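Inspection log for the structure reproduced underneath, given as structure tokens.
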2 protein chains.
Amino acid sequence: MSNNQFKRGELYSVINGMATTAVARRLQKNFRKAGLDITIEQWSVLYHLWKEDGLSQLELGNRTFRDKASTTRLIDNLEKQELVVRVASKDDRRINLVYLTDIAKPLQQITYELANQTMNEALLNISKEEIDIVKNVFQRVYDNLTNKDLL
Amino acid sequence: MSNNQFKRGELYSVINGMATTAVARRLQKNFRKAGLDITIEQWSVLYHLWKEDGLSQLELGNRTFRDKASTTRLIDNLEKQELVVRVASKDDRRINLVYLTDIAKPLQQITYELANQTMNEALLNISKEEIDIVKNVFQRVYDNLTNKDLL
DNA sequence: GACATATAGTTAGTTATGCAACTAATATAA
DNA sequence: TTATATTAGTTGCATAACTAACTATATGTC
């Protein structure tokens, strides 16, 4: 189908650009205002560990859409802040399992509230239907670009 | 209105995350494959200069949603690659006007084609209506977050 | 004209990103 | 069981992001 008529170049800024940057900056600002000294990237890792603790670095990378080098360093920094510990897997000593510390656990509630609040600011007057379409489009864009890699 | 019911945290990944990252990486990969040694961030600056040459650094920052420090270094790198030159404004010597070089000019055609091609891959089987909704939602998200700063 | 303020851009410091090359551990194959 | 390949993670190198502090030029006020 792909015979959509787009103004050249313009498209890219549809997907990338202003909105994502603005939301990220706002969320970071809200973290700081609440006295939380974590980046949104670090938060994205913690977020997945709160859902399921003890994931491997590779699995964390997959879930947060990062390569393994980026994941390594993000976890380095989280470990420096004592929010997370690496534990070598008994079964396969190549694998590091990443676990939340007691310092990280109480952050879940606060950061979820800040994320919710931020998204409410961002999505003011935007309907559930519109949000669903955006989510759906994004999923299909992702699939379009990643399935092709497997061929 | 803002009484949307969202699963906590999940929202953020709607706006940010996988799709934007995947598109950016694909575009970068397509640049590299074509032998173009520029980053997509550099390209976003060139893109605005092709539309209007001789913008100030601040104006370029506004149009590409970057702060001035980031803009400074991006232009440092573009200047190093001789794609761009800084010219102090006659009227106001605080201002640097940024101009494309003869090396940069022929890149317009090729990069536009690569960007188009990339977006066609990304937006395969996504309708014009859906894309319009995404654009519109993003514009409103941006407005929601930036207008508030002016109060 | 002199002093305070605002503006454009730069620099320093920290975090994050991606790619490519590397190490160590595990799995496969001869 | 030894040699080879694969996998998980780390490290080096380069670019990019933001904040805060800085320099230099312009503007505004008395």
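Not measured: the values here are computed from a predicted model. Order of the sequence lines fixes the chain letters, A, B, ..., with proteins taken first and strands second; residue numbering starts at 1 for each chain.
Both A:Arg66 and A:Lys90 sit near DNA chain C, but only A:Arg66 has its closest nucleotide nearer the 5' end. Judged by closest nucleotide on DNA chain D, A:Ile95 is the one of A:Ser70 and A:Ile95 placed further toward the 5' end. Heavy-atom nearest nucleotides on DNA chain D were determined for B:Gln42 and for A:Arg73, and the one closer to the 5' end corresponds to A:Arg73.
The side chain of B:Arg86 lies closest to C:dT10, out of C:dA6, D:dT10, C:dT10. Considering only side-chain atoms of A:Asn96, the nucleotide from D:dG9, D:dT19, C:dA8 that sits closest is D:dG9. Comparing D:dT10, C:dT10, C:dA16 against the side chain of B:Gln57 picks out C:dT10 as the nearest. Closest to the side chain of A:Leu74, from the set C:dT17, C:dG9, C:dG18, is C:dT17. Nearest nucleotide to the A:Lys68 side chain, out of D:dA17, C:dT15, D:dA8: D:dA8.
Rounded to an integer number of Å, the gap from CG of A:Asp67 to P of C:dC19 is 6 Å. If you measure from atom CG of A:Asp92 to atom C1' of C:dT26, you get 6 Å, rounded to the nearest angstrom. Rounded to whole Å, the distance from NZ on B:Lys29 to P on C:dA20 is 10 Å. Atom CG in B:Leu78 sits roughly 15 Å away from atom C1' in D:dA14 (whole-Å rounding). Rounded to an integer number of Å, the gap from B:Gln28 CD to C:dT17 C1' is 11 Å. One atom, CZ of A:Arg93, and another, P of D:dA8, lie 16 Å apart when rounded to the nearest Å. To the nearest angstrom, P of C:dA16 lies 10 Å from CD1 of A:Ile38. Between the P atom of C:dA8 and the CZ atom of B:Arg94 lies a distance of 6 Å, rounded to the nearest Å.
Distances shown here put a side-chain N or O of B:Thr72 below 4.0 Å from the OP1 or OP2 atom of C:dT10. Side-chain nitrogen and oxygen atoms of A:Asn77 include at least one within less than 4.0 Å of the OP1 or OP2 phosphate oxygen of C:dA16.
In plain terms, the two heavy atoms of B:Met119 and B:Val23 that are nearest each other are SD-CG1, 3.9 Å. The two atoms that bring B:Val98 and B:Leu49 nearest to each other are O-CD2, 3.6 Å, heavy atoms only.
Within 4.0 Å (heavy atoms only), B:Thr39 reaches sugar-phosphate atoms of the nucleic acid but no base atom.
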### Full working for side-chain contact (heavy atoms from CB on, under 4.5 Å) between A:Arg66 and A:Ser44
CA-CA 11 Å; A:Arg66 278 181 187 93; A:Ser44 75; 3.2 Å; yes
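Residue A:Glu82 qualifies as open at atom CD: its count of foreign heavy atoms under 6.0 Å is 12 or below. In the displayed structure, B:Glu79 atom CD is contacted under 6.0 Å by more than 12 heavy atoms of other residues, nucleotides or ligands.
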